[in-house]
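Accompanying notes for the structure given below.
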Amino acid sequence: MFIPCDRGGGSAAPDFKGFTLLMPAVSVGNVGQLAIDLVISTLNMTKVGYFYTDCLVPMVGNNPYATAEENSVELSINAEVYSLPSKKLVVLQIRSPFIKNKYRPFCETLLSWVKSSKCARVVLLSSSHAYQRDDEQLLGTPLRYLLTPDLEKAVGGRMKELNWKEMEKVAAYPGINDTDKVLHIPGGGITKLLFTESCSEGIQMAVLLKFCSEGDNIPDAFVLVNYLNEWLQLIKSESNDSTDPSSQWKIPSSWRLLFGNGLPPALF
């Protein structure tokens with residue numbers, strides 16, 4: 001459930017009516033989470049609360065978006081909520097993996113919150129194993145999207161204008177029955193479950209994902225966040241900087257620690 005930050009003026013929950021909720025799936029390469037980091041850092045979003053759940057591995061750490069010594073000592077936990085009312089944007093950042101068999105309870109809690117907070121739509125940033133693509137998915141861009149029927153009515157035309165590729169369904173039984181197609185997102189974590197539950201509950205949800213492999217996934221995060229920006233226009237794209245995606249987005253201070261610290265000299 002959502003617990004608002006108490007900033008000294010009471011703990012009333014912020015009003016998210018009509019907002020877009022942006023969140024990551026904990027998926028291969030953590031691409032969605034890295035892309036969310038770029039959005040929060042670049043837009044200088046304000047932390048407004050926490051998403052309390054027993055479905056995620058507990059975690060605590062320093063402020064990942066510290067800009068000075070004064071705010072570097074602020075603590076962060078596994079699921080936090082940030083807001084930018086001027087763009088009607090609310091962001092849920094997830095920083096730890098799911099506990100086994102807790103996908104469904106998390107989805108139920110999240111969608112209940114989406115309804116109670118009156119968010120207009122949900123955008124889920126995700127990723128999928130590149131090596132498990134079928135022949136059709138090997139062609140063209142590694143980026144894909146999915147829309148629930150309720151959101152398809154509203155923005156389906158815009159996706160066609162952008163010339164985006166919808167996530168293909170694949171054969172349920174390859175080589176045996178190629179006509180029976182299903183949605184398959186290997187490495188996508190909660191993506192498929194959250195999408196199908198949103199479809200059945202009439203929630204407007206878009207999934208934006210990138211096929212990738214484990215490794216240094218910072219370039220994948222830039223590609224995914226630029227893909228998101230094509231649609232939502234969160235920042236103004238600079239045409240002359242199009243070859244350098246990192247120039248448009250502010251890299252958070254925590255990314256200096258993505259691959260750990262160097263070996264301490266005292267060790268030798």
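Since the structure is predicted, the reported quantities are computational estimates derived from the model, not experimental observations.
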message: Is there a side-chain contact between F195 and L183 in this structure, where contact means two heavy atoms from C-beta onward sitting under 4.5 Å apart?
response: yes
- request: Indicate yes or no: at least one non-hydrogen side-chain atom of D37 is less than 4.5 angstrom from one of Y65.
  value: yes
statement: The side-chain contact (heavy atoms from CB on, under 4.5 Å) partner of M167 among I185, L147, T191 is I185
statement: Here the pair of heavy atoms bringing G202 nearest to D150 is CA-OD1, 3.5 Å
query: Can you find a pair of side-chain heavy atoms, one from F222 and one from I218, that are under 4.5 Å apart?
result: yes
- prompt: Linking Ile, Leu, Val, Met, Phe, Trp and Tyr by side-chain heavy atoms under 4.5 Å, what else ends up with L139?
  reply: none
message: Let's go through L143 and L208 carefully: what are the C-alpha distance in whole Å and the side-chain angles of both, what is the deciding distance for side chain to side chain contact (heavy atoms under 4.5 Å, CB included) to 0.1 Å, and is it a yes or a no?
response: CA-CA 7 Å; L143 296 160; L208 308 187; over 6 Å; no
task: With the side chain counted from C-beta on, respond yes when L110 and L92 share a heavy-atom pair under 4.5 Å apart, and no when they do not.
output: yes
task: Drop me the distance from N63's CG to L75's CG, to the nearest 0.5 angstrom.
output: 9.0 Å
message: I'd like to know whether V28 forms a side chain to side chain contact (heavy atoms under 4.5 Å, CB included) with E214, so could you lay out the CA-CA distance, the side-chain angles of the two residues, the decisive distance to 0.1 Å, and finally the verdict.
response: CA-CA 6 Å; V28 55; E214 292 276 10; 3.9 Å; yes
query: What's the spacing between F106 CZ and L56 CG if we round to 0.5 Å?
result: 5.5 Å
field: ILVMFWY network linking F19 to Y50, side-chain heavy atoms under 4.5 angstrom
entry: no
- prompt: Minimum heavy-atom separation for P64 to P252, with atom names?
  reply: O-CB, 3.7 Å
- prompt: Hey, is D54 close enough to K102 for a salt bridge, meaning N to O under 4.0 Å?
  reply: yes
task: Under the side chain to side chain contact (heavy atoms under 4.5 Å, CB included) rule, what do W231 and W164 come out as? Steps first, then yes or no, please.
output: CA-CA 10 Å; W231 172 30; W164 281 12; 3.6 Å; yes
task: Side-chain contact test, heavy atoms from C-beta onward, threshold under 4.5 Å: evaluate it for F211 versus Q137 and give yes or no.
output: yes
- request: Would you mind checking if E201 and K115 are paired as a salt bridge, meaning a charged N to carboxylate O distance below 4.0 Å?
  value: yes
- prompt: Closest approach of S117 and V114, non-hydrogen atoms and distance?
  reply: OG-O, 3.3 Å
message: Could you check, using the six-membered ring where one of them is a Trp, whether F51 and W113 have ring centers closer than 6.0 angstrom?
response: yes
message: Quick check: closest heavy atoms across L124 and A25, and the distance to 0.1 Å?
response: CD1-N, 3.6 Å
- prompt: Are L194 and L111 side-chain neighbours, meaning at least one heavy-atom pair lies under 4.5 Å?
  reply: yes
task: Could you work out the complete set of other residues in the hydrophobic cluster of I99, with links drawn between I, L, V, M, F, W and Y side chains under 4.5 Å apart?
output: V57
task: In sequence, state the C-alpha distance, the side-chain angles, and the governing distance for S127 and L224, and then conclude on side chain to side chain contact (heavy atoms under 4.5 Å, CB included).
output: CA-CA 9 Å; S127 50; L224 186 59; over 6 Å; no
query: Would I77 end up clustered with I40 when hydrophobic side chains under 4.5 Å apart are linked, directly or stepwise?
result: no
statement: Rounded to the nearest 0.5 Å, the CD atom of Q233 sits from the NZ atom of K87 at a distance of 9.0 Å
query: Are the side chains of E166 and M159 in touch, meaning some heavy atoms are under 4.5 Å apart?
result: no
message: Is there a path of hydrophobic side-chain contacts, each under 4.5 Å between heavy atoms, that joins V155 and L162?
response: yes
query: How long is the gap from CD on Q33 to OG on S27, to the nearest 0.5 Å?
result: 7.0 Å
- prompt: Closest heavy-atom contact between C119 and V90?
  reply: SG-CG1, 4.1 Å
query: For the atom pair CH2 (W249) and CD1 (I235), what is the distance rounded to the nearest 0.5 Å?
result: 4.0 Å
task: Tell me whether V207 is reachable from I94 by hopping between hydrophobic residues (I, L, V, M, F, W, Y) whose side-chain heavy atoms are closer than 4.5 Å.
output: yes
- request: Could you check if a side-chain atom of V225 sits within less than 4.5 angstrom of a side-chain atom of T42, using non-hydrogen atoms only?
  value: no
query: Roughly how far, to the nearest 0.5 Å, is CD1 of I203 from CD of E197?
result: 9.0 Å
query: Is the shortest side-chain N to carboxylate O distance from R144 to E168 below 4.0 Å?
result: yes
message: Could you report the tightest heavy-atom contact between P149 and C199, atom names first, then the distance?
response: CD-SG, 3.7 Å
field: Donor-acceptor under 3.5 Å (T109 side chain, P105 main chain)
entry: yes
